[in-house]
Structures are given as C-alpha cells and as structure tokens.
Amino acid sequence: MTAEYRVSMANPKLKSPPQGTNVITRRKPAAVVKTAYSQAEREEIFRRFSVQRPEPRGELEHTNPFTLVVAVALSAQATDAGVNKATRALFTVADTPQKMLDLGEEKVRDYIKTIGLYRNKAKNVIALSQMLVNEFAGKVPETREELVRLPGVGRKTANVVLSMAFGQATMAVDTHIFRIANRIRLAPGKTPDEVEARLMKVVPKHYLYHAHHWLILHGRYTCKARRPECERCVIADICKSPEKSSDVPAPLIELPPQVIGEAVE
C-alpha cells in the first residue's frame with residue numbers, strides 16, 4: 001500500500017521522497033477578492049450603466065493632456081464645476097507648460113483664487129510645469145510612475161490622466177467611488193488604493209475602461225453622499241447596500257448627453 005509522504009522543512013536532510021510514495025504539497029488558497037456580488041451580478045450592474053451612459057465622460061474642462069493634468073490637480077478638495085469656472089480663463093492664456101511658466105505663480109493664483117487651497121495649488125502648477133519643460137520636453141508623460149513625480153499629482157490624478165488623455169483602463173478612486181465601493185459592498189476597502197486594487201479585479205474586463213466614470217457619475221447624481229436616491233437607481237434590485245430604500249430599479253433608458261462644464265455637485 002502506498003504511503004503518504006509529507007515534505008517537511010523541519011527535516012532539511014530529507015532531499016526527496018522514497019520511491020513509490022506520494023508527495024502531498026499544500027497550495028496557498030487563491031486570493032479571494034472581497035465583493036458582495038457574483039460575477040453575473042457584476043456583469044449586469046455594468047451592463048445597465050453602459051445602457052444608461054454609453055459614452056461617459058469626465059466633467060473637467062480641458063483642451064489637451066497638460067490642461068487635464070492641471071485641472072485634475074486643482075480639483076482636489078474642490079468641485080469640478082468650481083474648477084471649470086476658474087480654469088476657463090486660465091487655459092485660454094496658458095495651455096502649455098511654457099505658457100504657464102511665462103504667466104508666473106502670482107498670476108496663476110489670481111486665476112484660481114476661488115478654488116480651495118489655491119496658493120499651494122498655484123505653486124504646484126508652476127512646479128509641475130517646470131518639471132515638464134525640464135525633464136519631458138514640455139509633454140505630459142504616459143506612465144503612472146512618471147506622472148506621480150509631478151508636484152501635486154498623486155495616484156488618482158495620474159489614473160485620470162492615463163484614462164482620459166491616453167486611453168488606458170484605470171480606476172481613479174475619488175470620494176464618490178470610495179463611498180460607493182464601500183456603501184454597496186462592490187469592492188470594500190479602508191483606503192483608496194485598496195478599493196482601486198479590488199475594483200480592478202471585480203469589474204468585468206470589457207467594462208473596465210469606462211467603469212470609473214460610470215461609478216463617479218452614479219455617485220455624483222444618484223447614490224449621493226447624504227442620501228442615496230434609490231428611486232432613481234437602475235441597479236436598485238441588485239444593490240446590496242444596507243442603506244438602500246428601494247428594491248425597484250429605475251427605468252433603464254439612455255440619459256441625455258452630458259453637458260460638460262455645468263456639472264451639479
């Protein structure tokens with residue numbers, strides 16, 4: 001009868017099992033990603049979002065990758081609508097790193113003084129413009145590692161730029177996505193990085209490119225911070241949030257085109 005033989009690190013002299021024995025090795029269990037939804041449910045959630053908004057867009061006004069970097073950096077602790085109001089005039093006179101440098105920090109402050117933390121943000125805008133000129137020939141880099149080196153640019157900003165400017169599938173976890181991922185238990189996590197990593201695994205791959213915009217817009221207009229408007233939610237019947245007030249999904253129809261620059265926060 002064949003004996004079971006277990007390889008033990010406690011016996012370093014034992015190099016290989018005797019002939020005619022079976023070796024039982026312990027495999028590490030596959031990592032389980034936290035989510036309250038089955039694969040079929042996740043498919044249906046994002047299918048409905050895709051019907052509701054076939055081509056979702058970010059709501060920060062910009063004209064090129066550089067103005068996008070600046071706009072996203074300015075949006076920290078500010079609303080998209082507020083940033084748009086401040087940058088419309090700024091970007092007409094400074095839409096390249098060199099033009100921004102020529103404008104100077106003091107004048108940049110004047111343009112963005114209606115935005116929170118505007119003094120520090122103006123300093124960062126000048127510093128990132130200088131780095132782009134000095135190290136990247138005035139062009140916005142296309143890798144996350146290079147983007148996060150820019151002053152005032154964190155992982156979220158880098159992910160937005162990679163997605164919107166360069167067409168990469170990323171997950172930019174802002175306050176809306178962080179709230180929704182935890183509230184509806186789609187990809188709960190204690191930090192934005194943890195939520196990002198989990199969403200990248202639980203969102204069906206063929207929906208990943210638009211997923212962060214769908215989630216942001218869902219959080220901004222439906223699953224709101226103070227009170228989720230479940231009666232307007234197209235996934236109310238699937239949603240597993242303990243806060244939800246309705247199990248009846250809203251009619252699944254395509255929404256009117258987004259009007260960029262007039263976002264309601």
Side-chain angles (χ1 to χ4, degrees), residues 37 41-65 67-68 70-72 74-75 78-92 114-115 156-157 159-181 183-184 186 199 203-239 241 243-265:
Y37 301 85
E41 288 171 328
R42 285 178 271 138
E43 284 277 348
E44 181 61 11
I45 286 170
F46 287 96
R47 183 193 73 82
R48 294 187 193 180
F49 285 158
S50 73
V51 171
Q52 190 179 45
R53 296 184 189 272
E55 295 292 334
R57 293 187 292 164
E59 296 188 320
L60 284 170
E61 294 178 4
H62 63 283
T63 57
N64 56 38
T67 55
L68 177 61
V70 172
V72 181
L74 293 177
S75 70
T79 65
D80 287 1
V83 172
N84 289 337
K85 288 177 183 178
T87 57
R88 283 174 194 147
L90 173 62
F91 292 158
T92 59
T114 57
I115 301 175
K156 188 207 82 171
T157 297
N159 282 340
V160 172
V161 174
L162 291 174
S163 172
M164 294 179 63
F166 303 120
Q168 298 182 30
T170 62
M171 185 60 65
V173 179
D174 70 347
T175 54
H176 295 298
I177 291 184
F178 187 78
R179 179 180 72 252
I180 286 177
R183 174 186 276 168
I184 73 173
L186 178 63
L199 282 171
V203 174
K205 297 299 181 187
H206 47 285
Y207 288 125
L208 191 55
Y209 177 67
H210 285 315
H212 82 281
H213 279 141
W214 283 324
L215 291 170
I216 287 170
L217 295 170
H218 187 65
R220 182 171 290 161
Y221 298 115
T222 304
C223 199
K224 298 179 180 179
R226 290 186 180 180
R227 187 189 76 82
E229 297 181 6
C230 301
E231 66 280 3
R232 299 179 55 231
C233 179
V234 295
I235 62 167
D237 55 325
I238 305 174
C239 177
S241 170
E243 297 179 49
K244 77 174 182 177
S245 58
S246 174
D247 289 321
V248 180
L252 186 58
I253 57 174
E254 184 174 339
L255 296 175
Q258 289 171 255
V259 181
I260 305 304
E262 299 181 13
V264 177
E265 300 288 331

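All values reported here derive from a predicted model rather than from experimental measurement. Hydrogens, waters and symmetry mates play no part in the numbers below; they use all other heavy atoms, side chains included.
- Residues passing the side-chain hydrogen bond (donor to acceptor under 3.5 Å, both in side chains) test with Thr67 are Thr63, Asn64, sequence neighbours excluded.
- What you find for Arg232 and Tyr221 is that their closest heavy atoms are NH1-O, 2.7 Å.
- In this structure, the separation between CG on Leu252 and CZ on Phe49 is 10.5 Å, given to the nearest 0.5 Å.
- Taking 4.5 Å as the limit, some side-chain heavy atom of Arg48 sits within range of a side-chain heavy atom of Pro249.
- Of all heavy-atom pairs spanning Pro251 and Val234, the tightest one is O-CG1, 3.9 Å.
- Side-chain contact between Glu59 and Leu217: present, with at least one pair of heavy atoms (C-beta onward) separated by less than 4.5 Å.
- Leu255 contributes atom CG, which lies 8.0 Å from atom OG1 of Thr222 (distance to the nearest 0.5 angstrom).
- Atoms CG and CZ, from Leu215 and Phe46 in turn, are 4.5 Å apart once rounded to the nearest 0.5 Å.
- For the salt bridge (charged side-chain N to carboxylate O under 4.0 Å, His left out) test with Glu229, the passing option among Arg220, Lys224, Lys244 is Lys224; the others fail.
- Considering only heavy atoms from C-beta on, Ser75 comes within 4.5 Å of Lys156 through its side chain.
- Taking 4.5 Å as the limit, every side-chain heavy atom of His210 sits out of range of all side-chain heavy atoms of Ser50.
- In this structure, the side chains of Leu60 and Asn84 come closer than 4.5 Å at one or more pairs of heavy atoms.
- Considering only heavy atoms from C-beta on, Met171 comes within 4.5 Å of Leu208 through its side chain.
- With sequence neighbours excluded, no residue forms a side-chain hydrogen bond (donor to acceptor under 3.5 Å, both in side chains) with Arg42.
- Annotation: the span from Leu162 atom CG to Thr157 atom OG1 amounts to 10.5 Å, rounded to 0.5 Å.
- Taking all atoms of both residues into account, the shortest heavy-atom contact from Asn159 to Thr170 is O-OG1, 2.7 Å.
- Interatomic distance, Ile184 CD1 to Glu243 CD, rounded to the nearest 0.5 Å: 11.0 Å.
- Judged by distance alone, the side chains of Glu43 and His206 do bring a donor and an acceptor atom under 3.5 Å apart.
- In this structure, the separation between NE2 on His176 and NE2 on His218 is 12.0 Å, given to the nearest 0.5 Å.
- Between Ile45 and Tyr207 there is no side-chain heavy-atom pair separated by less than 4.5 Å.
- Taking both residues in full, the closest heavy atoms of Thr79 and Gly82 are given as OG1-N, 3.0 Å, listed atom of the first, atom of the second, then distance.
- Panel note: side chain Arg57, backbone Met164; no donor-acceptor pair is recorded below 3.5 Å.
- Shortest non-hydrogen contact noted between His213 and Gly58 is NE2-N, 3.2 Å.
- Closest approach of Leu68 to Val161, counting heavy atoms only: CD2-CA, 4.0 Å.
- Side-chain contact check for Leu186 versus Ile180: every heavy-atom pair is 4.5 Å or farther apart.
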